[in-house]
Protein chains: 2
Amino acid sequence: MEIEKVLLQKHQLSNDSISQLLSKGTIVEVVKNETIIHQGKTENFSYIILQGCAKAHLNHDGKDINFWFGFEGDFLFSYNSKISKLPGYENISTLERCQLWRISNDDLDELYKCSLELANWSRKLTEIELVKTEKRLIDFQTKSAATRYQELISKHPEILNRISLGNIASFLGISQVSLSRIRSQY
Amino acid sequence: MEIEKVLLQKHQLSNDSISQLLSKGTIVEVVKNETIIHQGKTENFSYIILQGCAKAHLNHDGKDINFWFGFEGDFLFSYNSKISKLPGYENISTLERCQLWRISNDDLDELYKCSLELANWSRKLTEIELVKTEKRLIDFQTKSAATRYQELISKHPEILNRISLGNIASFLGISQVSLSRIRSQY
DNA sequence: TCTATTTTTTAACCTATGTAAAAAGATCAA
DNA sequence: TTGATCTTTTTACATAGGTTAAAAAATAGA
């Protein structure tokens with residue numbers, strides 16, 4: 001994907017603002033199964049996925065829990081670390097060989113401090129992400145694991161080809177055995 | 001609570017920006033059990049709770065599901081409706097007699113369009129809310145209902161005095177009978 | 001205070017999901 | 001192709017939480 005298109009796909013942005021962002025960022029290549037944001041560290045970079053996919057995950061009682069998947073065009077922030085400037089609670093790791101656009105959080109902050117348009121652009125993207133997260137939370141409160149699985153693959157069928165069932169089960173909040181049982185019923 | 005203090009409790013804000021916000025807002029009183037934001041409607045106002053408490057909830061298969069509680073100092077937006085300008089999926093209702101500070105979403109948008117400081121202030125508040133929501137989501141993925149209940153009341157013991165157990169059970173994503181069972185074990 | 005209403009608990013039974021271990025299938029390097 | 005490794009499914013059993021109905025307790029009005 002082209003970085004210029006990704007930047008304005010969720011909210012409009014002037015050519016001038018796009019240039020400002022582009023001047024601060026670089027493209028990096030990352031191999032499969034590489035952790036680019038680390039639990040317990042204060043992260044200095046944010047990313048956009050141009051090619052490949054990734055997951056946000058954390059360790060809980062020895063289990064690896066996935067709580068976010070990202071694909072081409074998705075933004076990849078350690079929000080917690082970015083906001084608090086404290087160590088984040090999440091890891092972000094590639095699930096395929098990835099091409100990423102990278103920008104430092106300091107540069108981002110600087111741009112937001114100077115550009116009204118970029119500050120509002122970021123505000124909008126964060127609001128959209130908040131609604132997505134809230135909807136997923138409500139799904140956990142209201143729907144069975146079987147329903148969550150069916151809705152996930154009907155909305156994002158490509159997930160089945162790109163992400164292992166073990167990773168999907170963790171994302172759905174169930175064991176891999178349960179997911180296998182659910183799948184066997186249809 | 002004083003509205004001036006609430007505005008800067010989560011992120012700093014100049015006196016000038018506070019004045020701009022205050023000039024657009026008014027204080028309203030709302031009786032107990034009144035729904036101020038309606039599922040299926042496009043909402044024109046956002047609120048801050050000065051006194052009282054409220055819940056965000058929606059109807060799912062005939063059940064009333066709570067997914068947010070707000071107390072003094074909390075901000076009360078229909079994010080979904082505000083972002084998309086489409087009908088929201090949530091109701092927000094008072095749980096006590098409330099004193100609210102109210103501002104129209106159009107006025108807010110106008111202020112964000114003109115004020116760099118206010119745009120960044122809103123961005124920060126949204127980021128904080130996003131992290132809170134993400135953490136609650138991770139709790140659903142990783143913790144039992146009993147653990148979620150214990151953590152909720154140890155972090156917010158006042159909830160037990162102000163919100164009925166039926167409402168708390170719904171917020172925890174379990175039936176009231178299950179919550180009662182959990183409570184009886186300690 | 002007394003009654004009506006609402007909230008909370010208890011009991012009995014049912015279902016979804018967890019755990020552990022083994023089997024089956026897929027992938028990949030040599 | 002073969003063995004090594006990783007992923008997925010299956011089986012057997014355990015447990016958390018759901019449902020329904022009823023009892024008990026708390027609360028609000030008159």
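Only a predicted model underlies this, so the values are computations on that prediction, with no experimental measurement involved. Residue numbering restarts at 1 for every chain, and letters A, B, ... go by the order of the sequence lines. Both backbone and side-chain heavy atoms feed into the values below; hydrogens, waters and symmetry mates do not.
Between the CZ atom of B:Phe140 and the P atom of D:dA16 there is a distance of 18 Å, given to the nearest Å. Note: CZ (A:Arg148) to C1' (C:dT17) measures 11 Å, nearest angstrom. The separation between B:Leu165 atom CG and D:dA25 atom P is 16 Å, rounded to whole Å. A:Leu179 has its CG atom 16 Å from the P atom of C:dA16, to the nearest Å. Straight-line distance from the CZ atom of B:Arg181 to the C1' atom of C:dC13: 11 Å, rounded to whole Å. Going from atom CG of B:Leu172 over to atom P of D:dG18 covers 10 Å, rounded to whole Å. Counting to the nearest Å, the C1' atom of D:dG17 and the CD atom of B:Gln176 are 14 Å from each other. If you take CG of B:Asn161 and C1' of C:dT7, they are 15 Å apart, rounded to a whole angstrom.
Between A:Ala146 and A:Val177, the residue anchored nearer the 5' end of DNA chain C, judged by the nucleotide with its closest heavy atom, is A:Ala146. Positionally, the nearest nucleotide of DNA chain D for A:Ser164 lies more toward the 5' end than for the other of B:Ser144 and A:Ser164.
Between B:Lys155 and B:Glu151 there is no salt bridge, since none of the side-chain N atoms of the basic residue sits less than 4.0 Å from a carboxylate O of the acidic one. Comment: B:Asp61 does not engage A:Lys143 in a salt bridge, judged by the lack of any side-chain N to carboxylate O separation of less than 4.0 angstrom.
In this model, the phosphate group of D:dG17 is not approached by any side-chain N or O of B:Ser175 to a distance below 4.0 Å at OP1 or OP2. For the OP1/OP2 pair of D:dG18 and a distance below 4.0 Å, the side-chain nitrogens and oxygens of B:Ser178 include at least one atom meeting the criterion. Applying the 4.0 Å criterion to OP1 and OP2 of C:dT19, one finds that A:Lys63 has a side-chain N or O inside that range.
Side chains of A:Asn66 and A:Asn167: a donor-acceptor N/O pair is present below 3.5 angstrom, by distance only. B:His57 and B:Ser93 form a side-chain donor-acceptor contact under 3.5 Å, judged by distance and modelled atom types alone.
When heavy atoms are screened at a 4.0 angstrom cut-off, A:Ser180 is found touching base atoms of the nucleic acid. Within the 4.0 angstrom heavy-atom criterion, only backbone atoms of the sugar-phosphate kind lie near A:Arg183; the bases stay farther away.
Between B:Phe171 and B:Phe69, the gap from one ring centroid to the other is short of 6.0 Å.
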